[in-house]
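In what follows, a structure is listed as structure tokens, so that the remarks can point back to it.
Positions are given from 1, in the same order as the sequence printed here.
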Amino acid sequence: MCSGESTMNGAQSRDDESKEDDRDAEANRLLHHQQQKQSTSSKDDEEVAYEAGEKIQVVDFDSVDGDDDSGVPPPFSWKKLWLFTGPGFLMSIAFLDPGNLEGDLQAGAIAGYTLLWLLMWATFMGLLIQLLSARIGVATGRHLAELCREEYPNWARLVLWFMAELALIGADIQEVIGSAIAIQILSRGVFPLWLGVLITASDCFVFLFLENYGVRKLEAAFAVLIATMALSFAWMFADTKPSEKELLTGILLPRLSSKTIRQAVGVVGCVIMPHNVFLHSALVQSRKIDPQKKGRVQEALNYYTIESTVALAVSFMINLFVTTVFAKGFYGTKQADSIGLVNAGQYLEEKYGGGIFPILYIWGIGLLAAGQSSTITGTYAGQFIMGGFLNLRLKKWLRALITRSFAIVPTIVVAIVFNTSEASLDVLNEWLNVLQSMQIPFALIPLLTLVSKEHIMGTFRVGPVLERVAWTIAALIMVINGYLLLDFFLSEVKGLLLGFVVCSCTAAYVAFIAYLVSQSGALPHTWVNRIPKGFSLLQIESTNSYDIKNPENSTANSS
């Protein structure tokens, strides 16, 4: 009897334990489900460059190996290259905006053919920076503004966002003014500058219309605009017949004189557009690529390298056409020092006259294509910058309207105030170039910092040789732009009060750059340790801040 009771008690005990295990398992399942749901909800709440449904599916046309995580990319395919073609050409628009064209024509008019070699090497430097931007976007599945939001403390993130917005506004004003000048040329002065600005402002609605029909339609529209620029400036090149011998000598033989140093600085300074560094890292995410599959990531990087190289080769040829046309027509003339976007078309008309199609209108069409395309990409970049840094999930039309307003409102004011003379617009353009030059370190340093971090890039972090080359190029670009800033302020800043304000702002500017470099890991540790203790005041830590140099030490704090 006791034995039977013992058996029954044992069986009941086992049943109770089994039920308890089932309850625990169910609780764990529900907890796991809730965590998954929260994680999905959290991801849904985050800003992304492209929604899953907007991305282009890259399909395999042949049955090949490489779908697994072996790290081996599939064989090259021309059809796949075509599917990956697009982001690089949108990126290349920044090398062809009205500000760049003005730099080209002034370099040609003042320096002749002597700076063509610098234009070529500057394009190579720009290509390297843009490839690093594409690399970080493909390998992480996130664009540069998003990564800056995650990797830097709140105060530094907000400063970086503010600087990126300033650079974007400065570039946008130049681009919109360039479009307005082109509209004024093509209308024979019927449309004033401010009306051209309003017409250009409407491009954000064209952009939204095209984007609703898919990424490929938008990329096709930009291909048409780039082809229009190439055809227009190639026509000008053929009409003016520049010297082939001097052209080849200018490309192959490095020459630089004290009289052309300002134009040389301008050529290099126009290569890196801060907003374009942020833009390219987002554009490459328009293709559906799984960052967890190393073979697919490497495949995408290979195709984007080819595509970006071709795109910047096209932009180099267009810049070359503009520089040589003005070198042939105005080098050594009285007009050389006074030529700019506003009067360039008229000077061309006086120099070369009519022809089958008046060169004034050819210049106007090319300038309009450059201005319109660059303003649309500026709107695009503004959306990514604002959404990435601030994690804003807004409707596209609202985000485009906000981004466009940031540039259009000050541009209309500028168009009304500075429409009094050509000289005033040239002065404005110099100030805008300085504004953008000042922002270059705040795009380059975060890019080079993050692309070399293993915990961010994994196996796709750049190697030590490429890292040193990239930092050397970045340092060269920043030093050259520093010279431009120093030269400009020495000539323009007068008065004790204004000088004090400029010196104070310069000190804060240099201190923030030093902070970014100290966080990059590019300096030897002994250098970082020697930074004065007072400088640590800059390193204000926010709650749940992230230690970039030592991610394992990241902790929630409230110091």
Side-chain angles (χ1 to χ4, degrees), residues 87-89 91-97 99-101 103-104 107 111 114-137 144 167 171 250-256 260-281 284 301 304-320 322-323 433 436-452 462-485 513 517 520 522:
F89 282 90
M91 168 273 297
S92 71
I93 293 295
F95 289 71
L96 300 168
D97 69 357
N100 275 42
L101 297 183
D104 292 337
T114 61
L115 296 181
L116 292 179
W117 66 275
L118 189 59
L119 176 64
M120 181 181 70
W121 285 105
T123 305
F124 279 134
M125 289 192 293
L127 174 62
L128 175 61
I129 298 299
Q130 294 302 149
L131 290 179
L132 293 179
S133 177
R135 187 184 191 91
I136 203 170
L144 183 57
I251 292 176
L252 300 176
L253 182 63
R255 288 175 291 173
L256 191 63
T260 60
I261 189 69
R262 193 180 182 90
Q263 284 67 44
V265 169
V267 167
V268 177
C270 288
V271 168
I272 303 298
M273 305 293 284
H275 70 274
N276 206 43
V277 177
F278 289 98
L279 174 65
H280 200 193
S281 64
V284 294
L301 292 175
Y304 281 137
T305 299
I306 297 171
E307 184 237 5
S308 297
T309 303
V310 172
L312 287 193
V314 172
S315 75
F316 168 70
M317 291 304 301
I318 293 174
N319 286 314
L320 180 75
V322 175
T323 303
N433 284 337
Q436 291 177 76
S437 296
M438 290 175 66
Q439 314 310 319
I440 286 176
F442 307 125
L444 284 186
I445 296 175
L447 172 67
L448 299 185
T449 297
L450 299 176
V451 82
S452 60
V462 295
V465 174
L466 182 56
E467 185 180 0
R468 291 191 190 98
V469 171
W471 274 105
T472 301
I473 290 175
L476 178 63
I477 292 171
M478 287 188 282
V479 166
I480 288 173
N481 280 280
Y483 171 84
L484 175 64
L485 295 176
I513 291 177
V517 173
S520 68

- Applying side chain to side chain contact (heavy atoms under 4.5 Å, CB included), name anything that partners T305, two or more places apart in sequence or on another chain. L131, T309
- Item | Contact list for residues 264-279, test side-chain hydrogen bond (donor to acceptor under 3.5 Å, both in side chains), sequence neighbours left out | Q130-N276
- Is it true that a side-chain atom of Y304 and a backbone atom of V284 form a donor plus acceptor pair closer than 3.5 Å? yes
- Passing candidate, side chain to side chain contact (heavy atoms under 4.5 Å, CB included) with I136, options P446, S452, S281: S281
- Item | Validation row: W471, T449 side chains within 4.5 angstrom (heavy atoms) | yes
- Considering non-hydrogen atoms only, spot the tightest contact between A134 and H280 and give its length. CB-CE1, 3.8 Å
- Once you round to the nearest 0.5 Å, how far does CG of D104 lie from CD1 of I318? 10.5 Å
Considering only distance and modelled atom types, tabulate donor-acceptor pairs under 3.5 Å from the side chains of residues 115-127, sequence neighbours left out.
residue : atom : partner : partner atom : Å
W117    : NE1  : T114    : O            : 2.9
W117    : NE1  : R255    : O            : 3.0
T123    : OG1  : L119    : O            : 2.7

- Distance-only, no hydrogens or angles: does the S133 side chain make a donor-acceptor pair with backbone N or O of V277 under 3.5 Å? yes
- Query: Under a 4.5 Å cut-off applied to non-hydrogen side-chain atoms, are S315 and L312 in contact?
  - Reply: yes
- The reported gap from CD in E467 to OG1 in T472 (rounded to nearest 0.5 angstrom) is 10.0 Å
- Query: How about V314 and L96: do any of their side-chain heavy atoms sit closer than 4.5 Å?
  - Reply: no
- Task: For the pair N319 (side chain) and F95 (backbone), establish whether a donor and an acceptor sit closer than 3.5 Å, ignoring hydrogens and angles.
- Result: yes
- Evaluate the side-chain proximity of L320 to I251: yes if any heavy-atom separation is below 4.5 Å, no if none is. yes
